[in-house]
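Below is one structure; the comments refer to it alone.
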Amino acid sequence: MSESLVVPTMAEMLAQGTQPEVLFWVGCAGSFDDRAKKITKAFVRILNRTNVSFAVLGTEESCTGDPAKRAGNEFLFQMQAMMNIEVLNAYEAKKIVTACPHCFNTLKNEYPELGGNYEVIHHTEFLKSLIDEGRLTVEGGQFKGKKITFHDPCYLGRANKVYEAPRDLIQKLDVELVEMKRSKANGLCCGAGGAQMFKDAEPGNKEVNVLRTEDALETKPDIIAAGCPFCNTMLTDGIKHAHKEGEVKVMDVAELIANAQDL
Amino acid sequence: MSYLDNILFAILLVVGFGFFTASVKKIIRNINLGVDVDRKDNPKARWKNMALIALGQSKMVRRPVAGILHIFVYVGFVIINIELLEIIIDGLFGTHRIFAPYLGVVYDVLIASFEILAILVIIAVVTFWIRRNVIRLKRFVSKDLTGFPKSDANYILYFETVLMILFLLMNASDLHLQNVPGGYSHFHKAGSYPISQFLAPIFNGTSNELVGLLFEVFWWLHIVGILVFMNYLYFSKHLHILLAFPNTYFANLKPEGQFDNLASVTKEVKLMMDPNADPFAAAPVDENAAPAKFGASDVQDLNWVQLLNAYTCTECGRCTSSCPANQTGKKLSPRKIMMDTRDRLTEVGKNIDANKGVFVPDNKSLLNDYITPEELWACTSCNACVEECPVNISPLSIIMDMRRYLVMEQSAAPMSLNAMMTNIENNGAPWQYSQQDRLNWKNEN
Ligand code: SF4
Ligand code: SF4
C-alpha cells in the first residue's frame with residue numbers, strides 16, 4: 001500500500017519520445033471526488049503492478065462534456081469535445097481506458113463524428129483483457145466466499161452492452177455473485193445520470209438511489225460492486241440512508257481486484 | 001336483381017378502403033412535418049430488426065404472459081387476412097369458399113387453424129380485459145391513461161371479441177348448411193371446423209332459409225366490422241398493427257448511449273474555435289439553411305422518426321413502468337411523452353386541414369401546453385424506456401431535444417445545472433476545482 005504511484009503524463013512521455021500502450025482518461029470524478037480518487041488509485045496500482053505502459057493527460061485533461069450534453073447544452077459539449085480532441089490528436093492517442101462509463105460512452109460514441117477516433121475501453125474490459133492475456137492473475141484473497149452483487153451502470157450496460165466483463169472479474173475472486181431482481185438490460189438507474197448528479201431531484205416520493213439500494217440490499221450482499229464513480233456515490237448514499245454502512249460496502253470492481261491482490 | 005348484393009359489397013369495399021387511404025395519407029403528411037433524418041443506412045440490420053421485433057415479437061415476450069397472449073392475437077390477425085381475401089372474392093362474385101377446390105386438404109387445415117386461433121384470440125382478449133379492468137395492472141390505471149386512451153383500449157378488445165364470435169358463428173351456420181341432407185343452395189362441403197362444429201347444433205331445428213339468412217347476417221357483420229375496425233385504427237393506439245413494421249425498420253441502430261451531435265452547433269463551434277476566423281465578420285449566409293432553432297419546442301422541430309414513433313406507440317406503458325423517475329413518484333412518464341407528442345401532432349394536422357394546407361400558429365406548443373419542464377428535467381437518460389419498448393420507440397430522444405430547447409433557446413435550465421455548466425466552462429470540470437489540480441490525487445494519501 002505504501003509504495004508510491006507511478007503516474008506518467010502524456011507530456012512527459014512525449015518528451016522522452018515514447019508512446020504509452022494506453023492513455024488513462026481519469027475523468028472529473030476520478031480526479032476530484034474523494035471517493036472516486038480511491039478508485040483511480042486502485043486502478044493505477046494494478047497498472048503499475050502489471051507493468052502496463054500508460055499515461056494520463058494530467059492538467060491537460062478536461063471534462064468530456066457529458067453532463068453538459070445530457071443537460072441539453074450541445075454548445076458547451078461540443079466545445080469541450082473539440083478541445084479534448086485537439087489535445088488527444090496532438091498526442092496521437094489511439095487507445096483510451098477510463099473508469100467512468102460516462103467518459104467511456106462519450107469518448108467512444110460521440111467523439112468520432114467530431115474528429116476524435118480512438119479505441120475506447122472501460123477499465124473493467126481492460127482488466128479482463130489483462131487477465132486473458134495472462135498479464136494479471138487474480139485470486140480471491142480477502143473476498144473469498146463473500147456475497148457480492150453487481151450494479152450495472154446505465155452508460156456501461158444498456159448504453160453500450162458491456163455486461164459480462166465486470167461480472168467475469170468479480171467471479172475471479174472466488175466469491176458468490178448474486179444478481180439483483182433487476183439487472184443487466186433491466187437494471188435500474190442509480191439516479192445520477194443525465195446530469196441528475198448535479199441537481200436536486202424533482203418532487204416524488206423517493207430518491208432513485210434509495211430505491212436502487214433497496215434492490216441491492218434484497219440480495220443480502222456483503223459488498224455492492226459498481227463500475228462507475230457516480231453509481232458508487234449514489235449507492236454509498238443509499239447505504240447510509242438505510243443505516244447499513246457498518247454491514248455493506250460499496251466498491252468499484254477495480255478496488256476489488258486491487259484489494260484482493262493486496263496492492 | 002341478384003347482383004345487388006355484389007354491387008353493394010363492392011361499394012362498401014370502395015368506401016371502406018377510400019376512407020382508410022385518406023387517413024393513411026394524412027398520417028404520412030403529418031409525419032413528414034418532422035425534420036429530416038437519415039435512416040436509410042444499413043438496410044440489412046434494419047430488415048433484421050423488423051423481422052425480429054415486429055414480425056417475430058421478440059421484445060414482447062420479455063413479459064411472458066402478455067407476450068404470449070399478444071402473439072395469439074397478432075397471429076390471429078395476420079392469418080385472418082388470408083381468410084379475408086377469400087371473403088372479398090366470394091362477396092364480389094357470389095361464390096362460396098372459392099379457394100376450397102384449389103387447396104384441398106390445405107384448405108381444411110387453414111380453416112381449422114383460423115378457428116383455433118379465433119378461440120385463442122378470444123381467450124387472450126378476455127385475459128387482457130381482465131388485466132385492465134379487474135386486476136387493474138398498475139401501468140394500465142395510471143393517470144396518463146384516462147379518458148379516450150383508456151376506453152380506446154377496451155373498445156379494441158370488444159371489437160376483436162365480436163369479430164371473432166361473428167367469424168365462428170359464420171362458420172357454424174355454414175357448416176350446418178353444408179350438412180343439410182340433400183344440400184342447400186350453393187353450400188358445398190368445404191373446410192374443417194374444429195371449434196364451430198360445437199356451435200353448429202344450435203341451428204338444429206331451424207329452417208334452412210333462416211340459417212341461410214343468419215349466415216348472410218354474420219358474413220356481412222363480420223366484413224363490415226373489419227372495415228370499420230380498419231378505419232378506426234387512425235384514431236387509435238391500434239395503429240401499431242401497421243406502423244410497428246416501418247417503426248422498427250427505421251429505429252435507431254446506434255448504441256443507446258450515443259446521442260446525436262447537432263450539426264448546426266458543430267458549425268458554429270468550429271467557427272468559434274478557429275483561430276483564423278474573423279470574429280467580427282458577418283456569419284456566411286447559407287441560402288438553404290433553415291432558421292436555426294436549437295432543440296425542440298413543438299412537433300415540427302422533432303424529426304420524422306420521432307413523429308412516426310408517436311403514431312406507433314401502443315400505450316402499453318412498459319416504458320413508464322421501468323422508468324426510475326416514474327417509479328419514484330416523479331411526474332415524468334415516457335408513455336405520456338409519446339401520447340402528448342401524438343396528440344399535439346394530431347392537433348397540428350387538424351389545424352392544417354382547417355386552413356387549406358398551411359399551419360396557422362395557434363399559440364400552443366408541445367412544450368408547456370403538453371409537456372412541462374418538470375417532467376423533462378426528471379429524466380436520468382438511463383435508456384430503460386428505450387430498452388423496454390416492444391416496438392423500439394425512443395421517448396428519451398424527444399426528452400433530450402426538448403431539454404436542448406430549454407437550455408439553448410431559453411436558458412431555462414435549473415439553477416444548479418447552470419452552475420455545473422459554468423464550472424465546466426471555466427474549470428473544465430462540473431465542480432469548482434482548478435484544472436491545474438487535476439493530478440493532485442497522485443500524491444495524496
Ligand atoms: S431515459 Fe428518462 S424517461 Fe426513459 S426510463 Fe430513463 S429516466 Fe425514464
Ligand atoms: S413508448 Fe413503447 S413502451 Fe412506451 S407505451 Fe409506447 S409502445 Fe409502450
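Residue numbers start from 1 in every chain, and the chains themselves are labelled A, B, ... in the order their sequence lines are given, proteins ahead of strands.
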Exercise for review: Give the intermediate values and the outcome of salt bridge (Lys or Arg N to Asp or Glu O under 4.0 Å) for residues A:Arg212 and A:Asp237.
Suggested key: CA-CA 11 Å; A:Arg212 185 50 169 167; A:Asp237 288 350; over 6 Å; no
Check your understanding: Can B:Arg438 be said to sit on top of B:Tyr433's aromatic six-ring, NZ or CZ under 6.0 Å from centre and within 45° of the ring axis?
Key -> no
Heavy-atom cut-off 4.5 Å, strictly under: side chain, backbone, both or neither for [X] against chain B?
| X | result |
| --- | --- |
| A:Asp200 | backbone |
| A:Ala29 | both |
| A:Val6 | neither |
| A:Lys38 | neither |
| A:Val210 | neither |
| A:Glu61 | both |
| A:Glu60 | backbone |
| A:Thr64 | neither |
| A:Lys199 | both |
| A:Val208 | both |
| A:Asn73 | both |

Exercise for review: Take B:Glu388 and B:Arg63, measure what salt bridge (Lys or Arg N to Asp or Glu O under 4.0 Å) needs, and give me the verdict at the end.
Suggested key: CA-CA 10 Å; B:Glu388 193 64 37; B:Arg63 301 197 184 189; 3.3 Å; yes
Report yes if some heavy atom in the side chain of [X] is under 4.5 Å from a heavy atom in the side chain of [Y]; otherwise report no.
| X | Y | value |
| --- | --- | --- |
| B:Cys382 | A:Arg158 | yes |
| A:Tyr91 | A:Val87 | yes |
| A:Leu114 | A:Glu110 | no |
| B:Asn383 | B:Leu396 | yes |
| A:Lys37 | A:Ser31 | no |
| B:Ile398 | B:Leu302 | yes |
| B:Met272 | A:Met79 | yes |

Exercise for review: List the steps and the verdict of side chain to side chain donor-acceptor pair (under 3.5 Å) for B:Lys330 and A:Asn205.
Suggested key: CA-CA 7 Å; B:Lys330 283 138 195 131; A:Asn205 48 37; over 6 Å; no
Point to revise | side chain to side chain donor-acceptor pair (under 3.5 Å) between A:Gln78 and B:Thr266, intermediate numbers included | key: CA-CA 7 Å; A:Gln78 292 201 12; B:Thr266 312; 2.8 Å; yes
Looking at chain A, which one of [options] has the largest number of heavy-atom pairs inside 4.5 Å, strictly under?
| options | answer |
| --- | --- |
| B:Gln327, B:Lys254, B:Glu425 | B:Gln327 |
| B:Leu439, B:Asn427, B:Ile424 | B:Ile424 |
| B:Leu417, B:Asn423, B:Leu332, B:Thr328 | B:Thr328 |

Check your understanding: So does B:Gln432 have more than 12 non-hydrogen atoms from other groups sitting under 6.0 Å from CD?
Key -> no
Point to revise | B:Lys331 atom NZ, neighbour heavy-atom count above 12 within 6.0 Å | key: no
Point to revise | Neighbourhood of chain B inside residues 181-188 of chain A, taking heavy atoms under 4.5 Å as contact | key: A:Arg182, A:Ala185, A:Asn186, A:Leu188
Heavy-atom cut-off 4.5 Å, strictly under: side chain, backbone, both or neither for [X] against chain A?
| X | result |
| --- | --- |
| B:Met421 | both |
| B:Ala378 | both |
| B:Pro324 | both |
| B:Asn440 | neither |

Review point. Would the A:Phe24 and A:Phe43 ring centres measure less than 6.0 Å apart?
Key: yes
Check your understanding: Would B:Trp431 and A:Phe198 count as a close aromatic pair, with their ring centres under 6.0 Å?
Key -> yes
Review point. Can you check salt bridge (Lys or Arg N to Asp or Glu O under 4.0 Å) on A:Glu74 and B:Arg404, steps first, answer last?
Key: CA-CA 7 Å; A:Glu74 186 70 11; B:Arg404 285 171 170 173; 3.2 Å; yes
Just so I understand: if I count every heavy-atom pair under 4.5 Å between each of [options] and chain B, which residue has the most?
| options | answer |
| --- | --- |
| A:Ser62, A:Gly58, A:Gly157, A:Gly30 | A:Ser62 |
| A:Ala71, A:Cys154, A:Pro153 | A:Ala71 |
| A:Gln80, A:Arg70, A:Met82 | A:Arg70 |

**Study point:** Working for salt bridge (Lys or Arg N to Asp or Glu O under 4.0 Å), residues B:Lys293 and B:Glu409
**Key:** CA-CA 7 Å; B:Lys293 178 176 180 183; B:Glu409 293 282 342; over 6 Å; no
Check your understanding: ring pair (Phe, Tyr, Trp, His ring centres under 6.0 Å) between A:Phe230 and A:Tyr155: does it pass, once the steps are laid out?
Key -> CA-CA 11 Å; A:Phe230 295 101; A:Tyr155 275 83; over 10 Å; no
Point to revise | Residues of residues 369-377 of chain B contacting chain A, heavy-atom criterion under 4.5 Å, by residue number | key: B:Glu374, B:Trp377
Review point. Among side-chain atoms of B:Gln258 and A:Asn160, is any donor-acceptor pair under 3.5 angstrom?
Key: no
